[in-house]
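From a predicted model like this one, the values you see are computed outputs, not experimental measurements. Throughout, a chain's letter reflects where its sequence line sits, starting with A, and its residues are numbered from 1.
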Protein chains: 2
Amino acid sequence: MFIGELAKRSGVSTRSLRYYEQQGLLRPRRRASGYREYDDSDVATVRRVRVLLAAGLNTDLIREVLPCMADEGTILAPTCDEMAQDLRDERERMSRSIEQLQAAHAMLSSIIHAGEALTAGAGARAGAGAGGKA
Amino acid sequence: MFIGELAKRSGVSTRSLRYYEQQGLLRPRRRASGYREYDDSDVATVRRVRVLLAAGLNTDLIREVLPCMADEGTILAPTCDEMAQDLRDERERMSRSIEQLQAAHAMLSSIIHAGEALTAGAGARAGAGAGGKA
DNA sequence: GTTGACTTTGACATTGACGTCAAGGTCTAG
DNA sequence: CTAGACCTTGACGTCAATGTCAAAGTCAAC
């Protein structure tokens, strides 16, 4: 498939797909015309890239770990020890990020809940659902 | 205290503290000389800002929610309905972020574990701890 | 009052993952 | 073979929080 179809299938802009290639995350074949040609497995690859990017990994590290996730469920070992350490570091960073997010989530929940309590008292239109007077 | 001390106490650069003020997150008094003067509660405020920034909120929204977190544990209701909706949206976004992070965390764990299994078999020097042959 | 650390404003630089525009070549249905 | 949708590279713009540098004023200790 061409880049436009991959964009639709993966939900990622063509600009991003070209950027991923530039960063070495994708290696599409090329037609004589220069057109990029992708195959079905690239859809999954792009999805993995998105997950890792969303998790805060940079493209350098993603480029290294992608080969370890060849197929669905197939996991390979890191290709070198240095990378293994990077992965552990990154995983640790993620754990902290999750904690931070949960802390922030709790903050917002407190405020939102305070607001809902007010709204429930005044307008009685808020779908408070679960959660009494925490 | 002056900006340098707040920077030390909060672990945030003076550059950032000035930026936070510019964004309306801090409102230090000013001496006749122009020097910013902060008080102890600002240390906690800066910490809250860091948590929310780390969670992906932008300074615009943080500026709005900060007044809802006056003291330690004191939570006030949102100051307007529109903001309440923004908070819910943001909280939802956070939930998704947490899920993404957990997914990525699982990915890395799989790879790391595959590597540790190899290392344990070859060199038997990895402190594998818990986890046999999942 | 002098020194040296600290502060002020202002402005430009950086980072990373993109958006966007331009000028041109390619594909394919009809 | 032509229209029009799609693709190419290249370059510059963006956003958000910070780094960094410069020139100048301030504080506090001695």
Notebook entry, point to check: Closest nucleotide of DNA chain D for B/Ser13 versus for A/Glu21: which of these residues is on the 5' side?
Noted result: A/Glu21

Does [X] have a side-chain nitrogen or oxygen under 4.0 Å from the phosphate oxygens OP1 or OP2 of [N]?
X: B/Arg18; N: C/dT8; result: yes
X: A/Thr59; N: C/dG16; result: no
X: B/Arg36; N: C/dT8; result: yes
X: A/Tyr20; N: C/dC18; result: yes
X: A/Arg15; N: D/dT8; result: no

Next item on the list: Name the nucleic acid region contacted by B/Thr14, choosing base, sugar-phosphate or nothing; use a 4.0 angstrom heavy-atom cut-off, strictly under.
Entry: nothing

Margin query: When you measure from the side chain of B/Arg31 to the backbone of B/Tyr35, do you find a donor-acceptor pair of N or O atoms at a distance under 3.5 Å?
Written below: no

May I have the distance from [X] (atom [atom1]) to [N] (atom [atom2]), rounded to whole angstrom?
X: B/Ile3; N: D/dG25; atom1: CD1; atom2: P; answer: 20 Å
X: B/Arg63; N: D/dA16; atom1: CZ; atom2: C1'; answer: 13 Å
X: B/Leu17; N: C/dT9; atom1: CG; atom2: C1'; answer: 16 Å
X: A/Lys8; N: D/dA5; atom1: NZ; atom2: P; answer: 12 Å
X: B/Leu6; N: C/dC6; atom1: CG; atom2: P; answer: 15 Å
X: B/Tyr19; N: C/dT14; atom1: OH; atom2: P; answer: 19 Å
X: A/Gln22; N: C/dG16; atom1: CD; atom2: C1'; answer: 12 Å

Margin query: I'd like to know if A/Glu21 pairs up with A/Arg18 as an ion pair, taking the criterion as any Lys NZ or Arg NE/NH1/NH2 lying under 4.0 Å from an Asp or Glu carboxylate oxygen.
Written below: no

Check: Less than 4.0 Å between a side-chain N and a carboxylate O, is that true for A/Glu5 and A/Arg9?
Finding: yes

Checklist line | Most 5' of B/Glu37 and A/Ser16 on DNA chain C, judged by nearest nucleotide | finding: B/Glu37

Note to self: Assess, by modelled atom type and distance only, whether the side chains of A/Ser109 and B/Arg91 contain a donor and an acceptor separated by less than 3.5 Å.
What the structure shows: yes

Check: Between B/Arg63 and B/Tyr20, is any side-chain donor less than 3.5 angstrom from a side-chain acceptor?
Finding: no

Heavy-atom side-chain proximity of [X] to [Y] below 4.5 angstrom:
X: B/Met69; Y: B/Leu66; value: yes
X: A/Glu37; Y: A/Arg30; value: no
X: A/Thr59; Y: A/Val49; value: no
X: A/Arg36; Y: A/Arg29; value: no
X: B/Leu61; Y: B/Leu87; value: yes

Next item on the list: List in numerical order all residues of residues 49-58 of chain A for which some heavy atom is under 4.0 Å away from an atom belonging to DNA chain D.
Entry: none

Notebook entry, point to check: Can you give one letter per nucleotide of nucleotides 23-30 of chain C, going 5' to 3': B for a protein heavy atom under 4.0 Å from the base, S for sugar-phosphate only, - for none?
Noted result: --BBS---

